Amino acid sequence: MRSEELHETLLPKRLALPIFASDPLSSVAYATQEILLVLTLGGMAYLHFTPWIAAAVVALMAVVVLSYRQVVHAYPSGGGSYEVVSHNLGASAGLVVAASLLVDYVMTVAVSVASGVDNIISAVPQLAGYRVLMAVVFVALLTGVNLRGVRESGQAFAAPTYLFITGVMIMVVTGLVRYALGHAPVSESAGFGIAPDPRDAGLAGFALVMLCLRAFSSGCTALTGVEAISNGVPAFRKPKSKNAASTMSIMGTVAVAMFVGVTALALITKVHITDDSCRLTGLTGDCGAYTQRTVIAQLAAAVFGGEQSFGFYFVQAATALVLILAANTAFNGFPLLADILAQHRYLPRQLHNRGDRLAFSNGILALALAAGLLLWFYEADVTSLIHLYILGVFTSFTLSQTGMVRHWNRALRTETDIDAETRRRAQLARVINAVGAVVTGLVLVIVLATKFLQGAWLAVVAAVVLWLTMRGIRRHYDAVAAELAVSDPRAELVGPSRVIAVLLVSTIHKPTLRALAYARAFRPDHLEALTVSVDREESKDIERRWAELDVDVPLRVLDSPYREITRPVVEYVRTLHRDSPRDVVGVFIPEYVVGHWWEHLLHNQSALWLKSRLLFTPGVMVTSVPWQLTSSRRADHPARRAPGAIRRGEPLPIHQHRSHSTDSTRP
């Protein structure tokens with residue numbers, strides 16, 4: 001796609017919802033399950049806390065959605081939490097948010113895909129042995145679809161998201177109607193008891209509070225990805241802020257409705273699920289070989305009449321699809337945030353490049369690689385991965401809401417000419433953001449306290465390492481910019497006193513003669529050929545054949561008793577420059593151009609090492625003179641379109657679009 005076609009990729013709300021909100025919507029599939037898994041550590045005695053914990057999660061969701069609506073309107077240029085915090089709390093705090101979100105986006109892909117694979121295995125238990133392979137393949141498929149562009153990925157992922165919403169809502173309504181009519185559905189695990197974990201049996205007082213807080217922090221996975229819409233405001237159609245805010249409201253309403261419905265059904269059907277199937281009482285056979293179905297699978301089977309019903313397979317298929325596709329939220333959020341960080345010189349500039357389809361291809365590939373490695377290392381186990389999750393989300397939530405409070409304080413203090421209605425709305429927005437900062441800050445403390453030793457410390461370490469890395473990258477770019485800045489153009493344009501050309505000769509053949517002709521075309525002040533004597537007979541043969549050429553270029557032979565080639569050449573060239581510091585030494589190296597990757601292993605190794613050493617020598621210019629072998633001619637074709645490899649990031653603004661040209665020579 002041409003750069004001028006960027007406006008054609010902007011999203012209507014119906015496509016923006018599945019692209020940016022598939023993560024929080026799909027979290028419904030496992031948020032309730034995570035609450036139950038924690039509470040059942042104490043057996044069945046504490047399941048009655050489930051409604052209260054779910055209510056707290058819903059209240060938190062409402063606060064966060066309202067808070068981020070303010071962010072969308074105040075900062076419509078994208079960047080979300082990172083931009084808010086950077087502008088209001090400083091660059092270092094902004095980098096904390098950026099590092100946390102980047103880590104969390106990787107976790108979003110890993111957890112979503114692993115959870116989707118879990119639901120596939122719930123429907124087809126025979127696939128349990130292929131868990132990791134399936135997860136990695138799904139990440140690869142998601143990567144391929146996203147490389148096609150934002151709009152194309154939205155069109156591909158819209159149907160599964162809407163099918164999931166439809167399936168869950170039908171399941172919830174059907175189950176509640178059956179309950180109201182006195183025919184409550186019963187889950188397959190309702191007849192099982194749960195033996196408490198010995199470490200969590202008979203809890204009371206502070207220990208019980210900690211268990212509930214831990215269950216609450218696990219249930220807060222329902223909020224992951226909420227901030228993605230604020231990062232992606234530029235991808236919406238105009239009016240961007242209004243459409244993004246509306247999409248966020250729709251996402252919050254639908255997510256809350258599904259989460260409440262699933263949690264209510266789990267209590268009605270008496271779903272009993274635990275982290276260790278051997279703690280299920282009443283289970284016959286080998287407990288270790290028993291595969292527990294996910295909560296959503298048990299509910300679908302109970303409501304629709306068993307695991308062979310159409311409704312069961314429909315919900316399972318839609319759930320598995322949307323959980324896998326929920327990673328698409330990260331595939332859109334991560335590259336956009338990485339692009340902004342790259343523009344600010346905190347990440348490599350390659351992450352600012354767009355590919356053929358106007359997607360940030362390098363960011364997509366980096367995310368896929370990190371998530372794939374994580375899935376492989378943790379064997380695509382949701383329970384292990386979930387402990388590393390949501391920490392970054394609530395770090396960004398807390399800091400961004402604190403930044404928004406400062407934003408409104410500054411606006412109310414400096415904008416004295418605004419009318420009373422605008423001032424009243426600003427004051428209300430400040431209250432909303434202040435409440436959001438306090439609430440999400442408390443949740444962040446809870447998450448740290450309950451999950452840190454269970455694996456969340458890895459996420460903290462990863463965020464800290466990433467923060468330090470980004471600071472280091474910025475220092476490097478700043479240092480390079482300062483070093484390369486032109487202070488006195490006239491001094492930089494002063495030419496050298498002389499140009500000394502050195503032609504490296506390994507043997508007398510066509511590439512050597514072409515390099516010689518090329519070096520002479522430069523008309524240097526002094527030109528000489530240089531060879532290294534490793535074998536005396538070969539050196540004498542080179543000297544004889546060089547004399548037969550009858551050229552007015554002297555051949556210098558460097559003796560190398562220890563059979564080295566690179567060191568004698570580098571030392572000689574450095575001597576030339578050291579003797580005349582105002583001279584420039586140009587080294588001409590004949591090289592073969594080959595057509596197959598394996599031919600690189602057979603040729604040019606000496607030239608590669610020489611260039612790598614000479615490039616570090618001040619005052620030395622290295623020129624490769626290519627000789628195309630026959631294999632390279634057969635391989636001659638237009639450059640393959642490596643995604644984002646050499647493309648720039650920002651297309652032309654709409655008002656600068658040029659008319660389409662039929663000139664085939666236009667770059």
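The model shown is predicted, which means the values in this text are computed figures rather than measured ones.
With sequence neighbours left out, the side-chain contact (heavy atoms from CB on, under 4.5 Å) criterion links Thr253 to no other residue. Residues that satisfy the side-chain hydrogen bond (donor to acceptor under 3.5 Å, both in side chains) test with Thr32, not counting sequence neighbours, are Thr263. Every residue meeting the side-chain hydrogen bond (donor to acceptor under 3.5 Å, both in side chains) condition with Asn88, not counting sequence neighbours, appears here in chain and number order: Tyr75, Arg410. Residues satisfying the side-chain contact (heavy atoms from CB on, under 4.5 Å) test with Val256, not counting sequence neighbours, are Val58, Met61, Val260. The side-chain hydrogen bond (donor to acceptor under 3.5 Å, both in side chains) test applied to Thr247 returns no partner, not counting sequence neighbours. By the side-chain contact (heavy atoms from CB on, under 4.5 Å) test, Ala98 is found to be paired with Tyr82, Leu341, Met470, residues two or more places apart in sequence or in another chain being considered. With sequence neighbours left out, the side-chain hydrogen bond (donor to acceptor under 3.5 Å, both in side chains) criterion links Arg406 to no other residue. Under the side-chain contact (heavy atoms from CB on, under 4.5 Å) criterion, Val137 pairs with Leu133, Leu141, not counting sequence neighbours.
Atom-to-atom distance recorded for Ser396:OG and Gln401:CD is 9.0 Å, nearest 0.5 angstrom. From Leu66, atom CG reaches atom CE of Met248 across 10.5 Å, with rounding to the nearest 0.5 Å. Distance CG/Leu347 to CG/Leu102: 6.5 Å, rounded to 0.5 Å. The line from OG of Ser241 to CZ of Arg69 is 10.5 Å long, rounded to the nearest 0.5 Å. From Thr319, atom OG1 reaches atom CD1 of Ile296 across 5.0 Å, with rounding to the nearest 0.5 Å. Atom CD1 of Ile121 is separated from atom CE of Met134 by 5.5 Å, given to the nearest 0.5 angstrom.
Taking every heavy atom of both residues into account, Met258 and Ile165 meet most closely at SD-CA, 3.9 Å. The minimum heavy-atom distance linking Arg293 with Gln298 is given by the pair O-NE2, 3.2 Å. When every heavy atom of Val109 is checked against every heavy atom of Ala371, the shortest pair comes out as CG1-CB, 3.4 Å. The nearest pair of heavy atoms linking Leu375 to Val132 is O-CG1, 4.4 Å. What you find for Ala93 and Leu399 is that their closest heavy atoms are O-CD1, 4.1 Å. Pairing each heavy atom of Pro348 with each of Ile473, the nearest pair is CD-CD1, 3.9 Å.
Residues in residues 342-353 take part in these salt bridge (charged side-chain N to carboxylate O under 4.0 Å, His left out) pairs, two or more places apart or across chains: Arg345-Asp478. Annotation: salt bridge (charged side-chain N to carboxylate O under 4.0 Å, His left out) contacts involving residues 362-376, sequence neighbours excluded, are absent. Screening residues 459-482 for ring-ring contact (aromatic ring centres under 6.0 Å, His included) gives no qualifying pairs among residues at least two apart or on separate chains. Within the structure, ring-ring contact (aromatic ring centres under 6.0 Å, His included) contacts touching residues 113-138 (residues at least two apart or in different chains) do not occur.
A heavy-atom distance below 4.5 Å is not found between the side chains of Glu83 and Ser400. A 4.5 Å side-chain heavy-atom check between Phe314 and Leu163 finds at least one atom pair inside the cut-off. At least one side-chain heavy atom of Leu444 sits less than 4.5 Å from a side-chain heavy atom of Thr395. Counting heavy atoms from C-beta on, the side chains of Val84 and His407 never come closer than 4.5 Å. In this structure the side chain of Leu365 reaches within 4.5 angstrom of the side chain of Leu147, judged on heavy atoms. By the 4.5 Å heavy-atom criterion applied to side chains, Ile273 and Thr40 are not counted as neighbours. Using a 4.5 Å heavy-atom threshold, the side chains of Leu367 and Phe331 count as touching. Between Leu374 and Met107, some side-chain heavy-atom pair lies under the 4.5 Å cut-off.
With Asp104 contributing its side chain and Ser100 its backbone, the two residues share no donor-acceptor pair below 3.5 Å. A donor-acceptor contact shorter than 3.5 Å links the side chain of Gln292 to the backbone of Thr274. Proximity of a side-chain donor or acceptor of Asn243 to a complementary backbone N or O of Arg237 within less than 3.5 Å is detected. Under the 3.5 Å distance criterion, the side-chain polar atoms of Glu34 are left unmatched by any main-chain donor or acceptor of Gly219.
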**OP:** Carefully, step by step, assess Tyr346 and Thr469 under the rule side chain to side chain contact (heavy atoms under 4.5 Å, CB included).
**Re:** CA-CA 8 Å; Tyr346 287 115; Thr469 301; over 6 Å; no

**OP:** Might you work through the side chain to side chain contact (heavy atoms under 4.5 Å, CB included) test for Leu468 and Arg471, ending with a clear yes or no?
**Re:** CA-CA 5 Å; Leu468 293 172; Arg471 291 289 298 268; 5.7 Å; no

**OP:** Apply side chain to side chain contact (heavy atoms under 4.5 Å, CB included) to Phe216 and Val38, showing your working.
**Re:** CA-CA 9 Å; Phe216 170 69; Val38 175; over 6 Å; no

Original post:
Where do Ile53 and Leu39 land on the side chain to side chain contact (heavy atoms under 4.5 Å, CB included) test, with the steps shown first?
Top reply: CA-CA 10 Å; Ile53 294 172; Leu39 290 177; 4.0 Å; yes

